[in-house]
Peer 1: 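Sharing a structure here in structure tokens format.
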Amino acid sequence: IGKYRFDEDGDWHALYGMAFKDSHNDIEPIAGFAFEKMWRPSENTRLGLGYTAGITMRQDMHYLPLPLILPLVSAEYKQLSVQSTYVPGSKGNGNILFTWLRWELK
């Protein structure tokens, strides 16, 4: 769930919260801010590149708050967006492409 707005340049800003199952099949909540510089190749299509900064908590880290800053990309058509981020890491830890769908309520 989140709240977004487009600024006077057409760039996307959002505050959000979500939860998902991590690689250990445990619930991982995350909340933060996201920004994307938007390009509009057509009236109904937008492409975005930016970042997200937030806090997450993992069960294997005893649910201690962990800050993060990650890249963010999107491809949008009308109200439907596919967004992705990459979580860097090392062998056996991280190196995850995380992708989700977002539907914008008007």
Peer 1: Would you find more than 12 non-hydrogen atoms of other residues, nucleotides or ligands less than 6.0 Å from Leu97 atom CG?
Peer 2: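 More than 12 heavy atoms, drawn from other residues, nucleotides or ligands, come within 6.0 Å of this atom.
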Peer 1: Does the side chain of Asn95 come within less than 4.5 Å of Val87's, by heavy atoms?
Peer 2: no
Peer 1: Which atom pair, heavy atoms only, marks the closest approach of Thr99 to Ser84?
Peer 2: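 Between these two residues, the closest heavy atoms are OG1-OG, 2.6 Å.
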Peer 1: Taking the side chain as every heavy atom from C-beta outward, state whether Tyr86 and Leu70 have any pair of such atoms under 4.5 Å apart.
Peer 2: no
Peer 1: For a quick test of reading the model, state the closest non-hydrogen atom pair linking Arg102 to Trp12 and the distance between them.
Peer 2: NH1-CZ2, 3.5 Å
Peer 1: Specify the closest pair of heavy atoms between Pro65 and Ile55, including all atoms of both residues, with the distance to one decimal.
Peer 2: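 That would be CB-CG2, 3.7 Å.
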Peer 1: With no hydrogens and no angle check, just 3.5 Å: does a side-chain donor-acceptor pair link Ser81 and Glu104?
Peer 2: no
Peer 1: Taking only residues at least two apart or on different chains, which pairs with a member in residues 48-71 satisfy salt bridge (charged side-chain N to carboxylate O under 4.0 Å, His left out)?
Peer 2: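 The answer is Asp22-Arg58, Glu28-Arg58, Arg58-Asp60.
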Peer 1: What verdict does the side chain to side chain donor-acceptor pair (under 3.5 Å) test give for Ser74 and Glu36, after you've listed the backbone C-alpha separation in whole Å, the side-chain angles of each residue and the deciding distance to 0.1 Å?
Peer 2: CA-CA 8 Å; Ser74 69; Glu36 286 186 330; 2.7 Å; yes
Peer 1: Are Leu105 and Ile1 linked, directly or through other ILVMFWY residues, by side chains that come within less than 4.5 angstrom of each other?
Peer 2: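 Per the 4.5 Å side-chain linkage, Leu105 and Ile1 are not co-clustered.
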Peer 1: Given the rule that I, L, V, M, F, W and Y join up when any side-chain heavy atoms are under 4.5 Å apart, are Tyr51 and Leu15 in one cluster?
Peer 2: yes
Peer 1: Cluster question for you: counting only ILVMFWY and a side-chain heavy-atom cut-off of under 4.5 Å, with indirect links fine, are Leu72 and Phe98 together?
Peer 2: yes
Peer 1: Count the heavy atoms belonging to other residues, nucleotides or ligands that lie under 6.0 Å from CG of Leu64, then report whether that count exceeds 12.
Peer 2: yes
Peer 1: Ignoring hydrogens and angles, state whether a donor on the side chain of Tyr16 or Thr52 is under 3.5 Å from an acceptor on the partner side chain.
Peer 2: yes
Peer 1: Side-chain heavy atoms nearer than 4.5 Å, only ILVMFWY residues, links allowed to pass through others: does that put Met18 and Ile27 together?
Peer 2: no
Peer 1: Is there a path from Tyr77 to Trp39 through hydrophobic residues (I, L, V, M, F, W, Y) whose side chains come within less than 4.5 Å of each other?
Peer 2: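 Different hydrophobic clusters.
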Peer 1: Tell me, yes or no, whether the heavy-atom count around His24 atom NE2, taken from other residues, nucleotides or ligands under 6.0 Å, exceeds 12.
Peer 2: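 Enclosed: over 12 neighbouring heavy atoms sit under 6.0 Å from NE2 of His24.
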Peer 1: Mind telling me whether Phe6 and Tyr4 have parallel, tilted or perpendicular rings, with 30° and 60° as the class edges?
Peer 2: perpendicular
